Amino acid sequence: MQAVMTSGDASDKSLVYSAIEPLLGAGLATLGGDAWRRHRKGITPSLHLDILHDFVPIFSKQGAAFADTLAELADSGDAFDVTPLSGACANHAIFETVMSSDLDKDDPMKRAILDGIPKALDHFMYRVCRPWFLSEWAYSLHRSQFSDYVNLKNTFNLFIQRVIREKKEALKNNEPLPQRKRQAFLDHVLSSAEGAALSEAELAEEVKTFVGIASGGSMDALTFFIYTLAIRQDIQDKIRQEMDDILGEDCGRLVEHSDLAHMQYTGRVIKETLRYFTTLPTFARTVSEDLPLPSGFTIPRGCQVAFWLPYVHRNPQWFPEPNKFDPDRFLPENSRGRHPFAFVPFSAGPRNCIGQRYSMMFLKAVAAAIVPRLRFEVPDDGPKRLEDVPLTMNLTVSVRGGANIRVHRR
Ligand code: HEM
């Protein structure tokens, strides 16, 4: 895996990615070759640590709004699937940090985008499982699917064009960018020297990519994190204790990036959640030249190589008793000597996830907002052990039948 993931001859994505590109953008996740290198160079500085630090209060604010929603549901006493609510929290954070845009409910276009992201993933999987539809021309013959696909494509394009146009106008008129101190990712790209290497059309594709990938990735990780706490009360109690120690009496305050460094145990639980449930379990590359492996085998030029991370993450050589959920595997003393590619929920090598630090910060900040105020549990008919959680997979993994929980105010 390391040989492939670090090879310059295997940095292009597999052919199947062509099925997601029209919807989620010809951006970092799908581009190959020089175009990908130029985009990555143009965008990386806009996710610099200093910029991410400014995002933490936004994550925290969105976490607090999420906690309010959950608290209202606590009063009803009913069980509910937390997935769409995690998704809403992730989306609010992404719209604000990527384009400093409020996700107000009365903007039908934004709603259409959010409803459209899961549909876009459905189209992708539909076509991957029926590769004769990978060609857009062939897909156009599938009348019922294709009209929905074209509608989605148009909605995404119109929305992104509108966002970029508004941002450019604001820059041209020298209007103060929203929350100047906390510049959104897009404001930063538009005003940076590196970002100037990207045309308006290229940037529009990147915004689509970021909204699509970031919202899906964050929603799944947050859902599994909460579901894990609902099943493992002992872990939930330890996180709450850690948050109480950090926040003290003031459990409602917004957290800053300096608080996150103290959330060591929470960080280990997030990592173990990503190992155990591996929310994005697979991705694939094309090998452009014969690629010799350390084993002596050679992957021939033109091969498509897919990785199956649940297998990697449950390798007993690096994770003894791999089916046991144990956050302390990620204590420094227990991680020493572990192969650097044994734990790769964000991929690794030059095409690793550019949002890895963003995600970890988001998840910790939201945990700090919800865990001190609420207690989570699974309903009586829910799984009693993490091993019993029924999983299903589209492009990402989710809980079959929904991540149903019950919430109590603390
Ligand atoms: C827990 C949440 C997330 C997980 C598990 C995750 C995982 C991954 C993985 C496995 C890849 C490699 C995909 C491939 O090779 O096809 C990837 C790529 C990527 N991710 Fe994430 N991701 C998450 C959140 C995010 C967020 C929040 C952002 C944006 C802020 C983001 C932006 C990207 C981009 C742009 C790429 C493509 C990078 C490239 O090829 O240069 N991800 N992610």
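Side-chain atoms are counted along with the backbone in the values below, which use heavy atoms only and exclude waters and symmetry mates. In this text, all values refer to a predicted model and were calculated from it rather than measured experimentally. For ligands, and for the atoms within them, numbers begin at 1 and follow the listed sequence.
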* To do: State the atoms of ligand 1, each with its element, that fall below the 4.0 Å cut-off from a heavy-atom position in Leu280.
  => 7 (C), 8 (C), 9 (C), 10 (C)
* To do: Mark up the atoms of ligand 1 that fall under 4.0 Å of a heavy atom belonging to Pro345, in ascending order.
  => 5 (C), 7 (C), 10 (C)
* To do: Kindly say whether the aromatic ring centers of Phe59 and Tyr358 come within a distance under 6.0 Å.
  => yes
* **ligand 1 contact on Phe346 by region, counting heavy-atom pairs under 4.0 Å** => both
* **Distance-only polar pair, side chains of Arg240 and Gln236, donor-acceptor under 3.5 Å** => yes
* Does Tyr276 have its ring centroid less than 6.0 Å away from the ring centroid of Phe224? -> no
* Quick one: is the NZ or CZ of Arg127 closer than 6.0 Å to the six-membered ring centre of Tyr149, and within 45° of its axis? -> yes
* To do: Would you check whether Arg351 has a nitrogen or oxygen atom less than 3.5 angstrom from a nitrogen or oxygen atom of ligand 1?
  => yes
* Asked: Atoms of ligand 1 less than 4.0 Å from Ser347 heavy atoms?
  -> 10 (C), 12 (C)
* Asked: Relative to Phe80, does Arg406 satisfy both conditions: NZ or CZ under 6.0 angstrom from the six-membered ring centre, and within 45 degrees of the ring's axis?
  -> no
* Asked: Taking non-hydrogen atoms only, is Phe362 closer than 4.0 angstrom to ligand 1 via side chain, backbone, both or neither?
  -> neither
* Say whether His123 and Asp148, considering side chains only, have a donor N or O and an acceptor N or O under 3.5 Å apart. => yes
* Asked: Of Cys353, Ser14, Gly25, which has the heavy atom at the shortest distance from atom 42 (N) of ligand 1?
  -> Cys353
* Asked: Side-chain donor-acceptor pair under 3.5 Å between Gln233 and Glu377, yes or no?
  -> no
* **Atoms in ligand 1 flagged as close to Trp36, the criterion being non-hydrogen separation under 4.0 Å** => 39 (C), 40 (O), 41 (O)
* Asked: Counting both backbone and side chain atoms, is some N or O of Tyr17 under 3.5 Å from an N or O of ligand 1?
  -> yes
* To do: Of the side chain and backbone of Asn352, name the one, both, or neither that has a heavy atom under 4.0 Å from an atom of ligand 1.
  => backbone
* To do: Determine whether the side chain, the backbone, both or neither of Ala214 has a heavy atom under 4.0 Å from any heavy atom of ligand 1.
  => both
* Structure fact -> Numbered in order shown, the ligand 1 atoms found under 4.0 Å of a heavy atom of Ile213 are 20 (N), 21 (Fe), 31 (C), 32 (C), 33 (C), 42 (N)
* Geometric N/O contact Arg40 with ligand 1, under 3.5 angstrom -> yes
* To do: Heavy-atom contacts with Ala221 under 4.0 Å: which atoms of ligand 1 show up? List them by number with element.
  => 1 (C)
* **Gln145 and Tyr126 side chains, donor-acceptor separation under 3.5 Å** => no
* To do: Measure Ser359 to ligand 1 on non-hydrogen atoms and call it side chain, backbone, both or neither using the 4.0 Å cut-off.
  => side chain
